[in-house]
Number of protein chains: 4
Amino acid sequence: MKLSEKKLLKKKEEIILSAVKIVNRKGYRGATMDEIAAELLMTKGSLYYYFKNKEDLIFQCHQMVLSQANEELQGHLNEMISNEEKLRRMIVTHIQYAIEEKETFNMIIKPDQTFSTEQLNPILLIRNEYAGLFDKVIREGIAKGEFTIGEPKIARMILLGSMNWIQQWYSPEGGKSMEELQEIYAEYLLKVVK
Amino acid sequence: MKLSEKKLLKKKEEIILSAVKIVNRKGYRGATMDEIAAELLMTKGSLYYYFKNKEDLIFQCHQMVLSQANEELQGHLNEMISNEEKLRRMIVTHIQYAIEEKETFNMIIKPDQTFSTEQLNPILLIRNEYAGLFDKVIREGIAKGEFTIGEPKIARMILLGSMNWIQQWYSPEGGKSMEELQEIYAEYLLKVVK
Amino acid sequence: MKLSEKKLLKKKEEIILSAVKIVNRKGYRGATMDEIAAELLMTKGSLYYYFKNKEDLIFQCHQMVLSQANEELQGHLNEMISNEEKLRRMIVTHIQYAIEEKETFNMIIKPDQTFSTEQLNPILLIRNEYAGLFDKVIREGIAKGEFTIGEPKIARMILLGSMNWIQQWYSPEGGKSMEELQEIYAEYLLKVVK
Amino acid sequence: MKLSEKKLLKKKEEIILSAVKIVNRKGYRGATMDEIAAELLMTKGSLYYYFKNKEDLIFQCHQMVLSQANEELQGHLNEMISNEEKLRRMIVTHIQYAIEEKETFNMIIKPDQTFSTEQLNPILLIRNEYAGLFDKVIREGIAKGEFTIGEPKIARMILLGSMNWIQQWYSPEGGKSMEELQEIYAEYLLKVVK
DNA sequence: GATGAATGAGGCTTCATTCAT
DNA sequence: TATGAATGAAGCCTCATTCAT
C-alpha cells in the first residue's frame, strides 16, 4: 500500500472516531456533519472527500466498531480454559467495553433504523457473529456439563442485555469501581447459566 | 374541574398518545410536529395551543408513560404472596410491557439526551421510583431469607437491563411466544437473586 | 370551490409566474428557489408549502404555459377561413408569443433534460398537441390543394424552428417591429408549404 | 514555438474537447470541473493550470467550436458554382453539423447567459461572421437574379433557425435518415429565398 | 380553539477554487 | 506539471415555531 493510501485510511479512521463520539452522544439524526467535522478542526465540506454522504459515514462507523469488538472477544475462545472461565472472561471484556469505550460500544448494541437494507445487512451479520461467540461458549459448556440450562440463546440475551444496560447508569464517581462490577456481574450472570 | 378543563385534558392526552407512538418509531428528533398532528387530523399549529413547544410535549409523554407503568407495578406489591412470587409477577408484567407496549415502553428505558436538566430531573425521579419497587421486593426477599445475594441494586440492574433488551430483538413471528419468554426469563432471572 | 382554495391556487400561480421568469433567464439549474421566492417577497421556505420540491414547481410551470399556448392557438382552427389564412394567423400568433411572452414561451420549446420520465411524459403530450395543430392545418391545406408539399411534418418543423429562433436575436430596438416581422415571416414561410 | 508550448496547446485542446462534450450534455451549470477532468483521467485541480477558471474554459470551448465551423463553411464559398448551389451545400453542411456533431454544435447556436460581457463579445463576433457567410451568398444570389427576396437577413434567420431546431427532435432511429433530411430541407428552404 | 400560511435557522450536499507538495 | 486535500459559498430541503384570522 502506498503512503498516500495509508494517510487516506488514517484520516478516514479519524473521522470515523469523531463521528462515533458524536453519534453516541446525539444519535444518528442528532449528529450533524458540521459537528463531526468541527471536532477535527475541519469543515464539513471536507468530509465529503472521504465519504459519499452521511449514511455512508455512519455505516462505516458501525462496521469498524463491530469488527474490532469481534476480534477482541474471539481471543478468549482460543485459550485453554474451561467454558465457565471463558464465559467469565467474555463477560469481563464486554463490560469493560461497555464502560470504557462507551461511545464506540453503543454502536454495537443499538440497532439504528437509519440504514437502507442493503447497508443494514452486513452490520447485522457482524452483530450476529458477535452474539454467536457467546452462544458457542454456552453451548459447549452445556455439552461438557458445566452449564445446565435448556435455552442457551435466551440466556445469552439475558447476559448481553443486562451488560449493555450498564452504561445507562454507570458513572465513575458512583459507588462501585469497574473491577467490582465485573466481578459481581460475572458471579451473578454465571448463576443464570449454571 | 370545569367541563372545558376536562376537555382540554382529554385533548392533551390524545396528543400525548399520538406523540408517544411516533417518538418511539422515529426517536425524538425524527418525530415531527406535523406527523404527530396529522395522526389526530389536526394541523401542527394547533399543538402549540396545548403545549409550549416540542420539548414540553415530549416531556409530558415521558411523564405519563412512566406514571402509568409505576402504578401498574405497584399493584403486585400489595398482594399477599412471597417475595419470590412478587418478583416473578413483576418480571412478567415488565416483560409484557416491553413487548406489548413496546412503543410507550421505550420511553421508560431510553434516557433521551434531549431534555434540559430542569425537565430531566422529574423524569429521573419517577424512573427511580419504578426501580425502587424492584429493590424493595428484592431487599425484603433477602430479609426473609428467600434471596441470598449481597448486591440487591446490581441484581435489580441485571433484571431490568436484560428485560429491557428484549424489545431489541423480539418479534411476534420469532420462535417463542411472549408467554414462553415470560416463563423462561422469570426462571433464569430468579436464579440471579436466589 | 372554497375561497381558501381559490387563494391557494392564485398564490401557486403567482409563484409559477415568478419561476417561469427566472427559469427562462437562467435555465433549470441556474434558477434558485431563493431567487424565485425573493421575486415575490417570500422566503424560500414558503415555496415548499405550495410545491413538493423544485422539480415539481418547474414541472407545473411547463404545464401551465403549454396549456395556455395550446388554447390560444386552437382558436384559429375554428374560424371560417382558408387553411392558408389559418396558417398565417397561427404564424402571427406564434411569433407574438415568441416575442412578447418570451419568458413563458421558452418553456414550450426548450426540452428540459431535467425531468424524471414520469413527469416528462405529460409535458411531451401537450407539446405534441401544440405541434399537431400546425400539422392539421397543413394537412388540410394539402387536401384542399392550397398547399403542395409532400412532407407536412418537416414543413411544420421548419416553421416552428425558424419562429422559435426569433427570440434568440429579436430586440425591440432592432430594425424591424414585431408587426413587420410577423408579415415577413408569414410571407416567407408560406412559400415553404405552397 | 517551443516544444513545451506546443504540448501546452495540445493539452488545452484536449481539455476543451472534453469540456465541449460535457457542456453539451449537461449545460454550463450542469457540467462540473470534476467530470471534465475525469474524462481525461486528470484531477480537477490540474485544469486550473491551463485555464483561469471555469468561465474561461467554457469560453474557449465556444471560440474553438465556432472557428472550426466557420472555416468549414467558408470552403463552399470559393467553389465555382451558382449561389443557389452554394446555399444548398451550406445547408447540407449545417445540417450535418447539427446532427452529427450535435454536441459541439450546440455551442454555436445556444447563446449562453453565462458569460460576462467582455467574454461574450468575441463569441458574438465569430457567430456573426458565420451568419455573414449565409448573408453573402444570399445577397449575391439576389444580385445575380437567382433569388428574389427583399429581406435577405430575415431569410437567413429563417434558414438557420429552422436548421438549428433539427437537433431538438432528430433521432437516428426516427423515420428519416440524415441524407433525406438534408435533401428535403434544402428543397423547402430554397423555396424561401427564391 | 383551530388553521393556513409564513418564517428562518439549520442540516445535507455539491462544487468551483486554492494551495502545499 | 499534477495532485490530493481542504475550503466555503451556495443550493435544496425540513421543520419547529409564530401569528393573523
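All values below come from the heavy atoms of this structure, side chains included, with hydrogens, waters and symmetry mates left out. These numbers come from a predicted model, not from an experiment. Labels below follow one simple rule: chain letters A, B, ... track the order of the sequence lines, proteins then strands, and each chain is numbered from 1.
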Just the rounded figure in Å: distance from P of dG4(F) to CG of L9(A). 14 Å
Does K54(A) qualify as a cation-pi partner of F59(A), given the criterion of NZ or CZ under 6.0 Å from the six-membered ring centre and within 45 degrees of its axis? no
Just the rounded figure in Å: distance from C1' of dA5(E) to CG of L41(C). 16 Å
Can I get a per-line list of side-chain donor-acceptor pairs under 3.5 Å for residues 37-51 of chain B, giving both atom names and the distance, sequence neighbours left out?
residue: E39(B); atom: OE2; partner: K21(B); partner atom: NZ; Å: 3.0
residue: T43(B); atom: OG1; partner: S46(B); partner atom: OG; Å: 3.4
residue: S46(B); atom: OG; partner: T43(B); partner atom: O; Å: 3.3

Return the value, rounded to whole Å, for the distance between atom CG of L47(B) and atom P of dG1(E). 15 Å
Summarise how protein sits on nucleotides 15-21 of chain E as a single string, 5' to 3': B when a protein heavy atom is under 4.0 Å from the base, S for sugar-phosphate-only contact, - for no contact. SBBB---
Listed by chain and number, what are the side-chain contact (heavy atoms from CB on, under 4.5 Å) partners of Q167(C), not counting sequence neighbours? K102(C), F105(C), N106(C), I109(C)
Between P on dG4(E) and CD on E5(C), what's the gap in Å once rounded to a whole number? 11 Å
Kindly list each side-chain donor-acceptor pair under 3.5 angstrom involving residues 11-20 of chain B, sequence neighbours excluded, with atom names and distances?
residue: S18(B); atom: OG; partner: I36(B); partner atom: O; Å: 2.9

Are any of Y50(A)'s side-chain N or O atoms less than 4.0 Å away from OP1 or OP2 of dA6(F)? yes
Both K11(D) and L8(A) contact DNA chain F. Taking the nearest nucleotide for each, which residue is further toward the 5' end? K11(D)
Would you say dA5(E) has OP1 or OP2 under 4.0 Å from some side-chain N or O of K7(C)? no
For dA2(E) and Y49(B) - does any side-chain N or O of the residue sit under 4.0 Å from the phosphate oxygens OP1/OP2? no
What one should report as the nearest heavy-atom pair of A31(A) and K26(A) is N-CB, 3.9 Å
Distance col, row L57(B):CG vs K52(B):NZ, nearest 0.5 angstrom, shows 12.0 Å
Nearest whole Å is fine: how far is dG1(E) P from F51(B) CZ? 14 Å
From CD1 of I36(B) over to P of dT14(F), roughly how many Å is that when rounded to an integer? 18 Å
The criterion is side chain to side chain donor-acceptor pair (under 3.5 Å); which residues satisfy it with D34(C), sequence neighbours excluded? none
Dot-bracket pairing map - DNA chain F, Watson-Crick plus G-U, both contacts under 3.5 Å, | cross-strand: .||||||||||||||||||||
With side chains defined as the heavy atoms from C-beta onward, is the minimum distance between C61(C) and V23(C) less than 4.5 Å? no
Rounded to the nearest angstrom, tell me the gap between atom NZ in K10(B) and atom C1' in dG1(E). 15 Å
Please examine the side chains of K6(C) and L9(C), heavy atoms only from C-beta on, and report whether any two atoms are closer than 4.5 Å. no
